[in-house]
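Scroll down for the structure; my scribbles are underneath it.
Atoms within a ligand are numbered from 1 in the order they appear, just like the ligands themselves.
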Amino acid sequence: RTAYDPAQFPMAMTPNDPGFDDLSGIKDGPRMNATFVTLARNSDVWEIAKSIRQVEDRFNRRYNYDWVFLNDKPFDDTFKTVTTSLVSGKTHYGLIPEEHWSFPDWIDQDKAAKVRQDMKEKGIIYGDSISYRHMCRFESGFFFRQELMMNYDYYWRVEPSVELYCDIHYDPFRYMHENNKKYSFTISLYEYHETIPTLWDSVKKFMKNHPEHIAAGNSLGFLSDDGGETYNRCHFWSNFEIGNLNWLRSKAYIDFFDSLDRDGGFFYERWGDAPVHSIAAGLMLPKEEIHFFNDIAYWHVPFTHCPTGEKLRTALKCHCNPRENFDWKGYSCTSRFFDINNMEKPEGWDTEGN
Ligand code: GDP
Ligand code: MN
């Protein structure tokens, strides 16, 4: 194989590129100001250990990016020892301030409790959970401004119990930077209506109050089938994300989060960070700034993104079954993303994984 020469081949991304990374040794070349970030409980240690091992084997052992761990309780020694031993970069452990993981004072506790009871009776997933709501609000509005995160420009979110199925032959952080991407995804799908009945009303209120934050050439067509009147519930699945932290820290995003937070739907409903991030990216970024990582094969229960093209899959030594690929199935929104961006679907999309 041709050795990787970063000067000659700044970003060899496909098996046909000369200089396609041979995956040996630590990579030369520039690093972005970037980190992995994981929100976890101490009890998640063995599941996050598996995720880290995969991220390291498939990518980070050659790049050695840092990893920030965040928790609403102090991390214990086992968690720190195990994760530090697995991460090839530096590890940092942050305790989330209470005001980022609690009910804001404008929330009516009785109303919120009643909603949890109703959702429990209806069998809505996590419907009766308080901690899940704090988690969703934290991931929507606060992870990117934790003290430890302020040192970085890009993040890659990793959850416990996920899988990476293919080698990553280039630096996705650098790809984001060089191609001016602000947000990215591997899987998209429809949100449960019951968890977000009034989310779009809040979004419309925000759009009316802050027209200055709505981007020209945005991805509204991914989110709505009627020009913004209603939400079609499409969202990027945020348990995987590579994104630009400065965008999340921008006035536009903070105004968006604050407006939604005031409306109370993190507690009066069960708004997830996935639709919140997705709607923000869809409305406030030009559509070219959102990226679909076809070559990052990923699983989080119960969905898989596995590249369908056999050439790509074998070159990247993928171990996923393309028949399990979710992208082109009925409950995925990824073909909408391809449509609004006039993108051609990857090799094998219609013959495998349907
Ligand atoms: P799901 O993917 O929507 O089913 O939710 P998860 O249970 O995977 O939670 C999402 C992320 O938040 C994971 O990284 C969890 O480890 C983390 N998480 C969830 N609840 C808590 C919590 O109460 N405390 C902390 N520190 N992390 C949490
Ligand atoms: Mn999860």
Per the under 4.0 Å non-hydrogen criterion, ligand 1 touches L39, A40, R41, D44, N71, D72, W101, Y126, S131, Y132, M135, E159, P160, H300
Paired with F206, the ring-ring contact (aromatic ring centres under 6.0 Å, His included) test is passed by just one of W200, Y253, F256, namely F256
Closest non-hydrogen atoms of R249 and D153, given as atom of the first, atom of the second and distance, are NH2-CA, 4.4 Å
By ring-ring contact (aromatic ring centres under 6.0 Å, His included), H291 pairs with (sequence neighbours left out) Y175, F293
**Message:** Heavy-atom count check: over 12 atoms from other residues, nucleotides or ligands less than 6.0 Å from H210 NE2?
**Reply:** yes
Protein-side N, O or S atoms sitting under 2.8 Å from the Mn ion (ligand 2) are E159 OE1, H300 NE2
In short, salt bridge (charged side-chain N to carboxylate O under 4.0 Å, His left out) pairs touching residues 287-299 with sequence neighbours left out are K182-E289
Rounded to the nearest 0.5 Å, the CZ atom of F240 sits from the NE2 atom of H305 at a distance of 9.0 Å
All heavy atoms of S161 vs all of E47, minimum pair found to be OG-OE1, 2.9 Å
_Within 45 degrees of the ring normal and closer than 6.0 Å to the centroid, is that where the cationic atom of R262 sits relative to W106?_
yes
Note: K80 and F75 closest approach over all heavy atoms is CE-O, 3.4 Å
